[in-house]
> 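Encoded as structure tokens, here's the structure I'll be asking about.
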Amino acid sequence: MTGDVGEIALSKQDLREVTAFAAACAEVVLDVFEGDQPDDVRPREAIAAAWEFARGGERGKVLRDRAWAALKAAQSADTAAAREAARAAMSAAGAAYLHPLARATQVKHILGAGAHAARAAELVADDDRSVGAAHVEQAEHRATPVVVDVLTRFPTAPSGGGRVGELIRMLDDGLRSPTLAE
């Protein structure tokens, strides 16, 4: 039947590794959000919930609620850089909900935190694209072999998504590159 999507095998440990990667990427720019909104702890709590799951906690209401709260924090931030930093935190908590569907859109669950963090860094540096590229490269080095293995089970990142979409594709290409291990 047209439109059927195959399933991809994902263990809970796979999800934990992906979530740890996403949390590590988001942490790098948490100060961007907190510099803009020092009294708003929602992105920090989303990253903490992601780490809790990555370290053996369960997926559940708290993790989902923290992801949604970080998204709401993004909507209330004063600067574009702070909004992207909060979206990175939301993506970190959301990474735990990577679906086992063979769809390119699922790649955003794996790489979204890294791409939003890179975009936040670019915006802090007056939209300097080389800063975003450097953050993508750092994210590539954060990815464990398990994260790369999980990523390669999915189709490549989809087109679109503006600059964050471009950064997702850069990170996707870099992690799928055979020279990464060299």
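Just so it is clear, the structure is predicted and the values come from calculations on it, not from any experiment. Note that the numbering runs from 1 along the sequence shown for the chain.
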> How close do Ala113 and Ser91 get, heavy atom to heavy atom, and via which atoms?
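Ala113 and Ser91 have their closest heavy atoms at N-CB, 3.4 Å.
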> Would you please name every residue forming a side-chain hydrogen bond (donor to acceptor under 3.5 Å, both in side chains) with Thr105, sequence neighbours left out?
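By the side-chain hydrogen bond (donor to acceptor under 3.5 Å, both in side chains) rule, Thr105 matches no residue at all.
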> Is the number of heavy atoms from other residues, nucleotides or ligands under 6.0 Å of Asp78 CG greater than 12?
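More than 12 heavy atoms, drawn from other residues, nucleotides or ligands, come within 6.0 Å of this atom.
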> Roughly how far, to the nearest 0.5 Å, is the CZ atom of Arg119 from the CD atom of Glu166?
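If we round to the nearest 0.5 Å, Glu166:CD and Arg119:CZ are 9.0 Å apart.
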> Test of understanding: clusters of I, L, V, M, F, W, Y form through side-chain heavy atoms closer than 4.5 Å, transitively. Do Val18 and Leu111 belong to the same one?
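Both belong to a single hydrophobic cluster.
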> Can you tell me how far the CG atom of Asp173 sits from the CG atom of Leu171, to the nearest 0.5 Å?
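Answer rounded to 0.5 Å: 9.0 Å.
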> Check whether the side chains of Arg16 and Ser11 place a donor and an acceptor atom closer than 3.5 Å, and report yes or no.
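No, Ser11 and Arg16 have no side-chain donor paired with an acceptor closer than 3.5 Å.
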> Please check if atom CD in Glu34 has more than 12 non-hydrogen atoms from other residues, nucleotides or ligands closer than 6.0 Å.
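Enclosed: over 12 neighbouring heavy atoms sit under 6.0 Å from CD of Glu34.
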> If every non-hydrogen atom of Ala104 is compared with every non-hydrogen atom of Thr156, which pair is closest and at what distance?
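Scanning both residues completely, I find the closest heavy atoms to be CB-O, 3.1 Å.
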> If you look at every heavy atom in Ala102 and Ile8, which pair is closest and at what distance?
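That closest heavy-atom pairing would be CA-CD1, 3.6 Å.
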> Distance check, rounded to the nearest 0.5 Å: Ile168 atom CD1 versus Arg163 atom CZ?
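Here the interatomic distance stands at 11.5 Å.
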> Let me check something: do Trp68 and Val62 share a hydrophobic cluster, defined by ILVMFWY side-chain heavy atoms less than 4.5 Å apart, either directly or through other members?
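No.
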> Side-chain heavy atoms under 4.5 angstrom apart, residues restricted to Ile, Leu, Val, Met, Phe, Trp, Tyr: same cluster for Met90 and Phe53?
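Each belongs to a different hydrophobic cluster.
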> Just verifying a value: how many Å separate Glu137 CD and Met170 CE, rounded to the nearest 0.5 Å?
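Output value for this atom pair is 9.0 Å.
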> Should the pair Arg66-Glu45 be classified as a salt bridge under the 4.0 Å nitrogen-to-oxygen rule?
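Salt bridge flag = yes for Glu45 with Arg66.
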> Under 4.5 Å between side-chain heavy atoms, hopping through other hydrophobics if needed: is there a path connecting Leu167 to Val107?
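Leu167 clusters together with Val107.
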> If you take all heavy atoms of Ile47 and Ala89, which pair is closest and at what distance?
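Distance-wise, the nearest heavy atoms are CG1-CB, 3.8 Å.
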> Starting at CZ of Arg83, measure out to CZ of Phe33 and round the result to the nearest 0.5 Å.
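Interatomic distance, Arg83 CZ to Phe33 CZ, rounded to 0.5 Å: 10.5 Å.
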> Verify the cluster assignment for Val148 and Ile110: are they in a single hydrophobic cluster under the rule of side-chain heavy atoms below 4.5 Å apart?
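Shared cluster, yes.
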> Only pairs under 3.5 Å count here: list side-chain donor-acceptor contacts from residues 129-136, not counting sequence neighbours, and write none if there are none.
{"from": "Ser130", "atom 1": "OG", "to": "Asp128", "atom 2": "OD1", "distance (Å)": "2.6"}
{"from": "Ser130", "atom 1": "OG", "to": "Asp128", "atom 2": "OD2", "distance (Å)": "3.4"}

> Where is the tightest heavy-atom contact between Ala143 and Leu175, given as atom of each residue plus distance?
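Nearest heavy atoms, Ala143 then Leu175: CB-CD2, 3.6 Å.
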> Is Leu151 close to Asp172 at the side-chain level, that is, under 4.5 Å between some pair of heavy atoms?
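A side-chain contact under 4.5 Å exists here.
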> Check salt bridge (charged side-chain N to carboxylate O under 4.0 Å, His left out) between Lys12 and all other residues, then give those that pass, not counting sequence neighbours.
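Here the qualifying residues are Glu58.
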> Do the side chains of Arg153 and Asp14 get close enough for a salt bridge, i.e. N-O under 4.0 angstrom?
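Between Asp14 and Arg153 there is a salt bridge, with a charged N closer than 4.0 Å to a carboxylate O.
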> Might you confirm whether atom CZ of Arg44 has over 12 heavy atoms from other residues, nucleotides or ligands at distances under 6.0 Å?
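No, CZ of Arg44 has 12 or fewer neighbouring heavy atoms, counting only those of other groups under 6.0 Å.
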> Could you list the residues that satisfy salt bridge (charged side-chain N to carboxylate O under 4.0 Å, His left out) with Glu17, not counting sequence neighbours?
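Counting only residues at least two positions away or on another chain, Glu17 forms no salt bridge (charged side-chain N to carboxylate O under 4.0 Å, His left out).
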> Which atom names give the shortest non-hydrogen contact between Pro43 and Ala86, and what distance separates them?
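In this case the closest contact between Pro43 and Ala86 is CG-CB, 3.9 Å.
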> Not counting sequence neighbours, list each pair that qualifies as a ring-ring contact (aromatic ring centres under 6.0 Å, His included) and has a residue in residues 87-120.
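Counting only pairs at least two positions apart or across chains, the ring-ring contact (aromatic ring centres under 6.0 Å, His included) contacts touching residues 87-120 are His99-His109.
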> Show the atom names and distances, to 0.1 Å, of all donor-acceptor pairs under 3.5 Å that link a side chain in residues 19-32 to residues at least two apart or in another chain.
{"from": "Thr19", "atom 1": "OG1", "to": "Leu15", "atom 2": "O", "distance (Å)": "2.8"}
{"from": "Thr19", "atom 1": "OG1", "to": "Ala96", "atom 2": "N", "distance (Å)": "3.2"}
{"from": "Glu27", "atom 1": "OE2", "to": "Trp51", "atom 2": "NE1", "distance (Å)": "2.9"}

> Is there a side-chain contact between Arg142 and Val147, using heavy atoms and a 4.5 Å cut-off?
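The answer is no; the side chains never approach within 4.5 Å.
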> Do the non-hydrogen side-chain atoms of Leu98 and Val150 ever get within less than 4.5 Å of each other?
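The answer is yes, as the side chains (C-beta and beyond) meet within the 4.5 Å cut-off.
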